[in-house]
Amino acid sequence: MEKTLILFKPDAVQRGLIGQILSAIEAKGFRILGLKLVQLTRDKAEEHYAPHKGKGFFNDVCTYMTSGPVVALIVGGHNAIKGMRQLVGATDPGQADPGSIRGRWAQTIDKNLIHGSDSQESSDREIPIFFSKAEIL
């Protein structure tokens with residue numbers, strides 16, 4: 001079973017969309033293998049976004065991701081990475097499929113509700129940042 005990291009960003013939590021987004025993931029047939037509500041530290045945000053260090057948005061995204069709680073989850077299933085990327089939708093909500101999570105609920109490109117690992121390599125790097133092996137079912 002393929003696994004991917006999904007993060008509900010602070011705007012998703014603040015807007016009370018946790019249940020609706022979880023329902024969309026489960027309705028698509030994916031399994032929740034790990035789930036927690038966390039307040040990211042600056043160090044944890046920088047570790048997660050390390051591949052983007054040096055880019056113009058790095059500081060802003062780290063500040064944003066530490067501005068409120070996030071929901072971290074591991075989603076599993078057949079082609080979970082690709083399937084979740086399709087369900088999540090394009091980074092820019094204006095370009096996202098209307099049936100995707102971002103197409104339905106995201107408001108702006110910098111507050112786009114959700115993160116999903118973009119490859120097996122990213123998933124393998126990101127999951128241990130948020131979950132120990134004992135926390136994964």
Side-chain angles (χ1 to χ4, degrees):
M1 175 186 319
E2 189 172 76
K3 294 182 279 206
T4 186
L5 178 77
I6 301 295
L7 299 175
F8 298 177
K9 296 178 180 181
D11 57 317
V13 176
Q14 291 164 358
R15 290 178 54 205
L17 295 172
I18 295 169
Q20 291 179 79
I21 296 171
L22 276 173
S23 290
I25 292 168
E26 290 182 316
K28 190 72 175 172
F30 294 112
R31 292 184 54 214
I32 307 302
L33 305 175
L35 174 70
K36 61 170 97 171
L37 180 69
V38 296
Q39 177 68 49
L40 294 186
T41 64
R42 180 68 185 208
D43 287 344
K44 187 75 76 173
E46 288 184 4
E47 181 181 6
H48 176 68
Y49 287 103
H52 302 291
K53 193 166 187 154
K55 295 180 182 175
F57 64 87
F58 180 77
N59 186 56
D60 289 343
V61 75
C62 289
T63 298
Y64 165 61
M65 291 298 288
T66 59
S67 69
V70 302
V71 174
L73 59 149
I74 299 172
V75 173
H78 179 69
N79 289 325
I81 296 168
K82 181 179 178 183
M84 279 303 304
R85 295 289 292 176
Q86 289 173 336
L87 183 60
V88 164
T91 303
D92 180 348
Q95 303 296 315
D97 181 288
S100 69
I101 291 167
R102 288 178 175 149
R104 291 165 71 184
W105 297 299
Q107 297 175 324
T108 64
I109 195 167
D110 57 337
K111 291 194 173 158
N112 61 14
L113 300 177
I114 191 167
H115 163 84
S117 299
D118 63 3
S119 66
Q120 187 65 62
E121 179 181 282
S122 292
S123 179
D124 291 345
R125 185 187 71 78
E126 292 173 349
I127 287 173
I129 294 171
F130 294 91
F131 292 91
S132 69
K133 287 185 181 188
E135 295 174 308
I136 303 170
L137 302 178

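- To the nearest 0.5 Å, the span separating CG on D97 from CZ on R102 amounts to 13.0 Å.
- Taken to the nearest 0.5 Å, the CZ atom of R42 stands 12.0 Å off from the CE atom of M65.
- The shortest non-hydrogen separation linking G103 to A96 is N-CB, 3.6 Å.
- Follow the hydrophobic side-chain contacts under 4.5 Å out from V13 and you never reach L7; the two are in separate clusters.
- When side chains are defined from C-beta on, L73 counts as touching I25, because their heavy atoms get closer than 4.5 Å.
- Cluster annotation: I129 is connected to I136 through the hydrophobic network of ILVMFWY side chains, with a link wherever side-chain heavy atoms come within less than 4.5 Å.
- Looking only at distances, a side-chain donor or acceptor of E2 sits under 3.5 Å from a matching main-chain atom of I81.
- One hydrophobic cluster holds both W105 and V88 under the rule that ILVMFWY side chains link at heavy-atom gaps under 4.5 Å.
- Hydrophobic cluster membership differs between L40 and I114, with clusters built from Ile, Leu, Val, Met, Phe, Trp and Tyr side chains linked at under 4.5 angstrom.
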Run the side-chain contact (heavy atoms from CB on, under 4.5 Å) test on L17 and F8 for me, step by step, so that the C-alpha distance in whole Å, both residues' side-chain angles and the decisive distance to 0.1 Å come before the verdict.
CA-CA 9 Å; L17 295 172; F8 298 177; over 6 Å; no
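- Closest heavy-atom contact between S132 and E135: N-OE1, 2.8 Å.
- Formation of a donor-acceptor pair under 3.5 Å by the R31 side chain with backbone atoms of M1 is not found in this model.
- With K3 contributing its side chain and S123 its backbone, the two residues share no donor-acceptor pair below 3.5 Å.
- Listed here is the closest heavy atom pair of Y49 and F58: O-CE1, 3.3 Å.
- To the nearest 0.5 Å, atoms NE2 (H115) and OG (S122) are separated by 7.0 Å.
- The nearest pair of heavy atoms linking M84 to F30 is SD-CD1, 3.7 Å.
- Between S100 and Q86, the closest side-chain pair of non-hydrogen atoms is not below 4.5 Å.
- The aromatic rings of H48 and F130 lie perpendicular to each other, with more than 60° between the two planes, well past the 30° mark.
- I74 and L35 fall into different hydrophobic clusters, where Ile, Leu, Val, Met, Phe, Trp and Tyr side chains are chained together by heavy-atom contacts under 4.5 Å.
- Proximity of a side-chain donor or acceptor of T4 to a complementary backbone N or O of V75 within less than 3.5 Å is not detected.
- Cation-pi geometry between K36 and F131 is satisfied (NZ or CZ under 6.0 Å from the ring centre, within 45° of the ring normal).
- For K9, the NZ atom sits in a packed shell: over 12 heavy atoms of surrounding residues, nucleotides or ligands are nearer than 6.0 Å.
- Interatomic distance, I101 CD1 to Q20 CD, rounded to the nearest 0.5 Å: 10.5 Å.
- Defined by atom type and a distance below 3.5 Å, a donor-acceptor pair is present between the side-chain atoms of D110 and T108.
- With sequence neighbours left out, the side-chain hydrogen bond (donor to acceptor under 3.5 Å, both in side chains) criterion links S117 to E126.
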Apply side-chain contact (heavy atoms from CB on, under 4.5 Å) to residues V38 and V70 and explain how you reach the verdict.
CA-CA 5 Å; V38 296; V70 302; 3.5 Å; yes
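- Side-chain contact check for Q107 versus P93: every heavy-atom pair is 4.5 Å or farther apart.
- Taking CD from E47 and CZ from R125, the interatomic distance works out to 7.5 Å, rounded to the nearest 0.5 Å.
- Here the side chain of D92 pairs no donor or acceptor atom with the backbone of I109 at under 3.5 angstrom.
- In terms of heavy-atom proximity, N112 sits nearest to T91 at ND2-O, 3.1 Å.
- Across all their heavy atoms, R15 and L113 have their closest contact at NH1-CD2, 3.6 Å.
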